[in-house]
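Input: a single structure, listed below in structure tokens.
Just so it is clear, the model here is predicted, and its values are computed rather than measured. All ligand and atom numbering here is 1-based and tracks the order in the structure. Atoms considered below: every heavy atom in the structure, side chains included; atoms not considered: hydrogens, waters and symmetry mates.
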Amino acid sequence: MNRFEKHFRMNEEDCIEYIQEKMPDYFTGDLSCKEIGDGNINYVFRVSDGTRSLIVKHADLYTRSGHTPNSLDRSALEYETLSLEKTYCPDCVPELYLFDPVMCCTIMEDLGDHENLRYALLKRETFPKLAKDMASFCARTLISTSSAILPADEKRKLEKRYTNPVMCEITDRLVFNEAFTNSLGRNIITPGNEDYVKEEIYQDEELCYEAALLKEGFQSDRQCLIHGDLHSGSIFLTKEDTKVLDPEFAIMGPAGYDLGNVAAHLIFAYVNCLYTEKDEEKKEIFTKWTKESLRTFFEDFEKEAEAILKTSTDPLYKSEKYRKDLLRRILEDAFGYTGSELIRRIVGTAKVKDLEIPEGRREAERDLIKIAKSLIKNRRDMDVSSFLSIL
Ligand code: SR1
Ligand code: MG
């Protein structure tokens, strides 16, 4: 029996042999391989012969960071999601070469010349196309899979396929229950903020009620196909090009969840800069750019989403009133999920590098909690300008 006919967790040496078998004509020279993943869920190998390279994304039975059991189907779902997203937004998804359901591998284009957005933002790099590209990615993938655009039978097929229960349970727990109630008692609070978090989050009944509504929306609103984990670590880019990866949390859910994730991680970069940047000029340029990017992201999303919605052929969904109302609801959700994403990364176990602030972390986190609470509680009365005014 061939080594790769039954699933096992590969190491770098296995991966070289694997690629020699699966992509025999791709390389000409001797191969090297390095595991370069830094996510929590899967393994990412870069295979190269010094001239060409490619990426193998490999799922194991256990998650990479917590070694907790997970479903191997997440790998197929991720590949299917990337393929679907590519049909809606070809420029924002890498080239896909092969999917192997046995070894749970997606073999794809190496974006070696692209930077991970989180790390680039922490170096205060700015990207003129980021906001527009992400607005476009979100509008195309989200609105095109909503009831107004996708034929009902196709949408119901997506609803059946995209239950993704194991990954969604992680979100139900980490983003909502643990974040707002410390339900498992394992939240990690910055020393000095223990009482603040207890009083301002766990004991704030109105906030927890709003968090329940957001959780209910995430669990029961089958609005469209969402990426489900659209943070800055899932985005790779150059000044000219933006690519979105890692949709292993994909689910039929509220569009605002993806928009809120993008916004929250731009806010993390913004606050990291405010608290850690010593060079005043750099600070001025970067914080201005981040705020402008947030504005462009939301406004361009609305414009492109509206243009897509106008193509609806459904006699009810093509009404202007419906269109405006849908966009309003998506924006409200986006503000709310921006808040939940901010809170869960501050108090929960899945931290972000942006919060590694040597001096003033406690204060930075308090600032962010205030912003998050205001977004969650006041989301129904906010627009993009009032959103920006609380930063
Ligand atoms: C155990 S997974 C922790 C987090 O990492 C992923 O990227 C998701 O954001 C998840 O919530
Ligand atoms: Mg991920």
Check: Tell me, which protein residue and heavy-atom name are nearest atom 11 (O) of ligand 1, and how many Å apart are they?
Finding: R344 NH1, 2.8 Å

Note to self: I need the contact type for I41 against ligand 1. Using non-hydrogen atoms and a strict under-4.0 Å cut-off, is it side chain, backbone, both or neither?
What the structure shows: side chain

Next item on the list: Using distance alone, decide if ligand 1 has a nitrogen or oxygen within less than 3.5 Å of any nitrogen or oxygen in S65.
Entry: no

Notebook entry, point to check: Under 2.8 Å from the Mg ion (ligand 2), which protein atoms of type N, O or S occur, listed by chain and number?
Noted result: E248 OE2

Notebook entry, point to check: Can you tell me the protein heavy atom closest to atom 9 (O) of ligand 1 and the distance?
Noted result: D229 OD1, 2.6 Å

Margin query: Would you say the ring centers of Y18 and F45 fall short of 6.0 Å from each other?
Written below: no

Note to self: I need the atoms of ligand 1 closer than 4.0 Å to a non-hydrogen atom of H231, numbered in the order shown.
What the structure shows: 7 (O)

Item checked: ligand 1 contact on R345 by region, counting heavy-atom pairs under 4.0 Å -> side chain

Note to self: I'd like to know if the side chain of R64 pairs up with that of N70 as donor and acceptor (distance under 3.5 Å, no hydrogens or angles considered).
What the structure shows: no

Checklist line | ligand 1 atoms in contact with N40 (distance to a heavy atom under 4.0 Å) | finding: 2 (S), 3 (C), 4 (C), 5 (O), 6 (C)

Next item on the list: Quick one: look up the protein heavy atom nearest atom 10 (C) of ligand 1 and list residue, atom name and how far away it is.
Entry: F249 CZ, 3.7 Å

Next item on the list: May I ask whether L174 has any heavy atom positioned less than 4.0 angstrom from an atom of ligand 1?
Entry: yes

